[in-house]
There are 2 protein chains.
Amino acid sequence: MGSGKSQHPLAKFRVGVDNVIFSVDTEKNRLLVLLVLRDTEPYRDYWCLPGTLVRQGESLEAAAYRILAEKIRVQNLYLEQLYTFGDVGRDPREAPDQYNERYLSVSYFALVRYADAELIADGVSGIAWYPVHQVPTLGFDHNRILTYGHHRLCNKLEYSPVAFDVLPESFTLNDLYQFYTTVLGEHFSDYSNFRTRLLKLGFLSDTGIKVSRGAGRPASLYRFDRDAFDPHKDKPMIFI
Amino acid sequence: MGSGKSQHPLAKFRVGVDNVIFSVDTEKNRLLVLLVLRDTEPYRDYWCLPGTLVRQGESLEAAAYRILAEKIRVQNLYLEQLYTFGDVGRDPREAPDQYNERYLSVSYFALVRYADAELIADGVSGIAWYPVHQVPTLGFDHNRILTYGHHRLCNKLEYSPVAFDVLPESFTLNDLYQFYTTVLGEHFSDYSNFRTRLLKLGFLSDTGIKVSRGAGRPASLYRFDRDAFDPHKDKPMIFI
DNA sequence: ACAAAAGTGTTTTTTATACACCCATGC
DNA sequence: GCATGGGTGTATAAAAAACACTTTTGT
């Protein structure tokens with residue numbers, strides 16, 4: 001951090017944290033993002049990414065978890081920082097002569113387990129899962145942030161095991177395949193090849209338990225074996 | 001950005017931008033990072049990443065370019081945002097009862113052409129290229145930021161054409177190979193295979209010009225063809 | 001002539017891709 | 001018994017990896 005020569009006055013900032021929270025509804029094959037309806041200015045009555053301003057003594061990540069906890073109850077999730085948006089004028093509250101404060105947005109990207117994600121309706125403001133392809137015009141620069149987050153999600157899936165943070169403890173290979181298909185689209189791989197590739201990697205262990213889903217042969221339940229995955233850490237591994 | 005309920009007071013921030021500026025000295029086979037010696041508190045007389053506080057009306061990226069321009073004259077560079085560090089207490093200036101302001105650091109990652117990078121010695125503060133493996137204990141949390149930047153550099157090299165932003169207009173395939181080796185280490189690939197792979201991709205065009213470097217057969221100068229690269233954009237392409 | 005650097009080719013192994021086919025269950 | 005989803009196998013093509021070899025220069 002530089003020594004402020006300071007005939008140039010420094011900017012004062014408030015720092016917001018905005019979360020791009022994704023979830024995959026494998027039943028209906030939809031990729032969802034959590035939006036909230038703002039009940040205060042600016043952008044009152046606009047859908048937005050859930051966000052908050054950082055409080056005294058609170059770290060960025062803590063703020064990210066706080067919003068999350070305010071909006072949904074969930075046990076299993078993955079969270080990481082996304083990007084920081086700090087263009088001049090990105091927030092209407094920076095307008096000419098208010099307090100002369102800038103508004104920075106540090107965005108976080110999260111993936112949560114759909115099954116146990118329980119939305120907290122605080123009665124006042126709306127909150128809802130939106131299919132990512134049906135998201136309306138959002139307040140602030142949140143469409144941009146969402147797009148960025150969506151990119152990150154796709155990349156993450158391809159080279160890291162985030163999916164297992166969010167799938168149930170045990171799952172069928174078809175569940176896993178559905179998950180990938182829902183996020184990446186149908187064309188990412190043949191099921192049979194996907195299957196072979198993942199099993200060869202050796203960190204999915206067959207529990208032996210079979211589950212029947214209506215007609216058809218029952219499927220094996222698999223489990224993600226973190227210890228067996230360890231050697232694969234940092235190595236590029238491609239699911240595409 | 002949330003509606004501040006605010007029995008919890010919001011934090012006030014100053015925002016710093018810190019740059020991890022890399023350069024590759026292909027002659028001596030060294031990966032370098034630019035450090036400056038601080039001449040003011042806190043961390044006076046410590047080496048640090050070049051940084052500055054963001055001024056009024058200045059975007060984050062503009063601030064990043066400003067520091068860069070203050071420290072080195074360079075035409076060819078690549079720059080992108082790295083990560084935002086905002087833990088409580090990461091800057092000594094947050095100490096108990098100063099102005100009760102937090103110091104955020106938005107870090108940027110840059111790669112510059114070594115040949116035409118001219119350090120600007122402003123006489124007061126020291127400034128120097130350090131081999132990344134010989135970096136001392138830095139001020140603030142800058143060692144951490146540097147480590148993070150180094151990771152990013154390695155990844156970038158593997159799947160994006162940043163190297164060509166920073167190599168001379170025309171270069172031999174050996175120059176390119178040296179560049180990669182210097183950053184990624186000796187073990188990343190056989191020269192002959194590296195060569196074949198890159199030429200097959202089809203965005204390196206032979207200028208026909210030959211250069212002799214001492215003994216041995218003269219090498220062809222190649223040129224990076226941006227148009228021919230375009231189709232490869234976004235596709236994962238691996239140089240490893 | 002010979003070492004040094006550049007560049008080509010060959011062989012082997014691994015991985016990706018596209019399928020065809022067999023298996024176990026519900027109805 | 002046959003449709004349905006689960007699971008295995010094979011044949012082909014493409015890529016990665018290892019390494020031997022040729023070509024062109026300076027000395």
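Order of the sequence lines fixes the chain letters, A, B, ..., with proteins taken first and strands second; residue numbering starts at 1 for each chain.
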**Request:** Within residues 204-214 of chain A, find the residues that approach DNA chain D with a heavy atom at under 4.0 Å, and present them sorted by residue number.
**Result:** none
**Asked** Can you find a side-chain donor-acceptor pair between A:Asp225 and A:Ser205 that sits under 3.5 Å?
**Response** no
**Message:** Just by distance, no angles: are the side chains of A:Ser23 and A:Arg113 close enough, under 3.5 Å, to form a donor-acceptor pair?
**Reply:** no
**Request:** Can you tell me the distance, in whole Å, between the CG atom of B:Asn193 and the P atom of C:dT13?
**Result:** 16 Å
**Item:** Upstream residue (5' side of DNA chain D) when A:Thr196 and A:Ala219 are each assigned their closest nucleotide
**Value:** A:Ala219
**Phosphate OP1/OP2 of D:dG6 contacted by A:Arg195 side-chain N/O (<4.0 Å)** = no
**Message:** Side chain of A:Asn174, heavy atoms from C-beta onward: which of D:dG5, C:dA6, C:dA24 has the nearest atom to it?
**Reply:** D:dG5
**Item:** Comparing A:Pro218 and B:Thr172 on DNA chain C - which has the more 5′ nearest nucleotide
**Value:** B:Thr172
**Request:** Round to the nearest Å and state the distance from B:Leu201 atom CG to D:dA14 atom P.
**Result:** 16 Å
**Item:** Interatomic distance, A:Leu221 CG vs D:dG6 C1' [rounded to whole Å]
**Value:** 13 Å
**Request:** Find the distance B:Phe188:CZ to D:dA18:C1' and express it as a whole number of Å.
**Result:** 15 Å
**Fill in**
Among C:dG26, C:dA18, C:dT8, the one nearest any side-chain atom of A:Ala215 is C:dG26
**Request:** Nearest-nucleotide wise, let me know which of A:Gly216 and A:Asp190 is further upstream toward the 5' end of DNA chain C.
**Result:** A:Asp190
**Asked** Out of C:dA18, D:dT4, D:dT24, which has the shortest distance to the side chain of B:Arg217?
**Response** D:dT24
**Request:** Tell me what B:Ser192 touches on the nucleic acid: a base, only sugar-phosphate, or nothing, going by heavy atoms under 4.0 Å.
**Result:** base
**Message:** Classify the ring geometry of A:Phe229 against A:Phe203: parallel below 30°, tilted from 30° to 60°, perpendicular beyond 60°.
**Reply:** perpendicular
**Prompt:** Could you give the NZ-to-P distance, from B:Lys200 to C:dG7, as a whole number of Å?
**Reply:** 18 Å
**Prompt:** Does B:Ser59 use its side chain to pair, donor to acceptor, with the backbone of B:Ala62 at less than 3.5 Å?
**Reply:** yes
**Chi angles and distances behind the salt bridge (charged side-chain N to carboxylate O under 4.0 Å, His left out) call for B:Asp190, B:Arg197** = CA-CA 11 Å; B:Asp190 179 295; B:Arg197 194 148 12 101; over 6 Å; no
**No-hydrogen, no-angle side-chain donor-acceptor test under 3.5 Å, A:Arg144 and A:Tyr148** = no
**Request:** Nearest whole angstrom, please: distance from the P of C:dG9 to the CG of B:Leu199.
**Result:** 12 Å
**Message:** Applying salt bridge (charged side-chain N to carboxylate O under 4.0 Å, His left out) as the test, list every pair that has at least one member in residues 198-222 of chain A; sequence neighbours left out.
**Reply:** A:Asp175-A:Arg213
**Request:** To the nearest Å, give me how far apart CZ (A:Arg197) and P (C:dT14) are.
**Result:** 18 Å
**Message:** Distance check needed: C:dA16 P versus A:Tyr191 OH, whole Å only.
**Reply:** 18 Å
